[in-house]
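On a predicted model such as this, the values are computed, not experimentally measured, just so you know. Here, residue 1 is the first one in the sequence, and each next residue gets the next number.
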Amino acid sequence: MKNIFLFILLSLIVVSCSSNEEPVTKKKVDPTGEIISIETLFDTDDFQDKAHKEILEELKICSSFQKDTSNYLEPACSPRFFKVFQMNEKINVKNAFLVQIKSKVGGIKLRRFLAFVRERGELVKCNAFVANLIAKIRTKNGYDDLVLRFNDNVEGDIIFYNCLFSWDGFKYVFKTVVAIEGYENGELWRQRIKAELKDSVSKEIYKTLQKNEMIL
């Protein structure tokens, strides 16, 4: 992986950006759609919709009786640990939704991102990622494309792969790598991939994500 990463470093256009994450913003882009940047802080005590707690309890991934939000091993059904997103605005959130899980919950050190749909009355997991949702891109079919950030450790340096996923009717599928990021001297750097390298680089990074069990 290190050789691949060095190849990327020499081949990509470097674009600097601030280390501070921007709040939720919206802007129009062509031809894909509206980009909605997302930052999940897990800093509230109430869900936006009471149905969010109900579906988490149904999944049994949290405790209905736990009140201690400092207990990560037996997490409460609280927005301090879980963030629920509607998968499609035309579908009731109880029947199709996304869940961002805070790092350290259940003893897993990184954030996880899950997708569920209801089939024959039961909630079925259609995707599981060890990743952080950082953006949605509006689509005509109502199922937003997702930009997920994955972590990798390259010889002691933490690298982020921002990857695009699209809904295929059954699950979210990998499309391409959008950008590669990392930190140097406390500042976040970003490298966008040249068009002629995008396919080959995306294939290698997808293999890395599978090998590291970041896509389940």
Under the side chain to side chain donor-acceptor pair (under 3.5 Å) rule, collect the residues that match up with [X], sequence neighbours excluded.
X	result
Ser64	Glu57
Glu58	Arg118
Lys94	Glu54
Ser166	Asp145

Evaluate the side-chain contact (heavy atoms from CB on, under 4.5 Å) criterion for residues Leu164 and Ile137: first the C-alpha distance (whole Å), next the side-chain angles of each, then the deciding distance (0.1 Å), finally the verdict.
-> CA-CA 9 Å; Leu164 180 69; Ile137 303 174; 3.8 Å; yes
Is atom CD of Glu213 surrounded by more than 12 heavy atoms (other residues, nucleotides or ligands) closer than 6.0 Å?
->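 No - once you tally the heavy atoms of other residues, nucleotides and ligands closer than 6.0 Å, there are 12 at most.
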Students should find that the hydrophobic cluster of Phe42, defined by side-chain heavy atoms under 4.5 Å apart, otherwise consists of none
Can you list the steps and then say if Asn71 with Gln66 is a side-chain contact (heavy atoms from CB on, under 4.5 Å)?
-> CA-CA 8 Å; Asn71 188 334; Gln66 177 65 263; 3.3 Å; yes
Indicate yes or no: at least one non-hydrogen side-chain atom of [X] is less than 4.5 angstrom from one of [Y].
X	Y	value
Ile55	Val84	yes
Ile35	Val147	no
Leu209	Tyr161	yes

Which atom pairs, one a donor and one an acceptor, fall under 3.5 Å between side chains of residues 101-109 and the rest of the protein, sequence neighbours left out?
unit_1 : atom_1 : unit_2 : atom_2 : d
Lys102 : NZ     : Tyr72  : OH     : 3.1

Selection residues 95-133 - residue pairs positive for ring-ring contact (aromatic ring centres under 6.0 Å, His included), sequence neighbours left out = Phe97-Phe116, Phe129-Phe165
Applying side-chain contact (heavy atoms from CB on, under 4.5 Å), run through Glu119 and Val117 and close with a yes or a no.
-> CA-CA 6 Å; Glu119 296 180 359; Val117 296; 3.9 Å; yes
Got a sec, which residues hit salt bridge (charged side-chain N to carboxylate O under 4.0 Å, His left out) with Glu122, two or more places apart in sequence or on another chain?
->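 With sequence neighbours excluded, Glu122 shows a salt bridge (charged side-chain N to carboxylate O under 4.0 Å, His left out) to no residue whatsoever.
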Of all pairs that satisfy disulfide bond (SG atoms under 2.5 Å apart), the ones with a partner from residues 51-138, not counting sequence neighbours =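 Pairs touching residues 51-138 that pass the test: Cys62-Cys77.
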Among pairs that include at least one residue of residues 147-185, which meet disulfide bond (SG atoms under 2.5 Å apart), considering only residues two or more places apart or in two chains?
-> none
Restricting to non-hydrogen atoms, name the atom on [X] and the atom on [Y] that form the minimum distance, rounded to 0.1 Å.
X	Y	answer
Phe47	Ser78	CZ-C, 3.5 Å
Arg111	Asn132	NH1-OD1, 2.9 Å
Asn95	Ile91	CB-CG2, 4.0 Å

In Å and rounded to the nearest 0.5 Å, what is the [atom1] to [atom2] distance from [X] to [Y]?
X	Y	atom1	atom2	value
Asp152	Ile205	CG	CD1	8.5 Å
Ile38	Leu133	CD1	CG	4.0 Å
Asn151	Ile158	CG	CD1	6.5 Å
Leu114	Leu123	CG	CG	12.0 Å
Asn185	Leu188	CG	CG	12.5 Å
Lys203	Thr208	NZ	OG1	14.5 Å

Does Phe85 have Lys83 sitting over its ring (NZ/CZ under 6.0 Å from centre, angle to axis within 45°)?
-> yes
Validation: residues 167-178 side-chain donor-acceptor distances under 3.5 Å, sequence neighbours left out:
unit_1 : atom_1 : unit_2 : atom_2 : d
Asp168 : OD1    : Phe170 : N      : 2.8
Asp168 : OD1    : Lys171 : N      : 2.8
Thr176 : OG1    : Ser202 : OG     : 3.1

Between [X] and [Y], is there a shared hydrophobic cluster once you connect ILVMFWY residues whose side-chain heavy atoms come closer than 4.5 Å?
X	Y	value
Phe150	Leu216	no
Leu59	Met87	no
Phe81	Leu110	no

Between the side chain of Asn212 and the main-chain N/O of Met214, is any donor-acceptor distance below 3.5 Å?
-> no
Gln86 side chain to Asn92 backbone, donor-acceptor under 3.5 Å | no
Which pairs count as side-chain hydrogen bond (donor to acceptor under 3.5 Å, both in side chains) when at least one residue sits in residues 42-51, sequence neighbours excluded?
->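 side-chain hydrogen bond (donor to acceptor under 3.5 Å, both in side chains) check on residues 42-51 returns Asp45-Arg80.
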side-chain contact (heavy atoms from CB on, under 4.5 Å) between Leu56 and Ile61: does it pass, once the steps are laid out?
-> CA-CA 6 Å; Leu56 291 174; Ile61 61 175; 3.8 Å; yes
Answer with yes or no whether the side chains of Tyr183 and Glu187 bring together a donor and an acceptor at under 3.5 Å.
->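 Side chains of Glu187 and Tyr183: no pair found under 3.5 Å.
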Apply salt bridge (charged side-chain N to carboxylate O under 4.0 Å, His left out) to Glu181 and Arg149, showing your working.
-> CA-CA 9 Å; Glu181 300 176 332; Arg149 174 177 288 166; 2.6 Å; yes
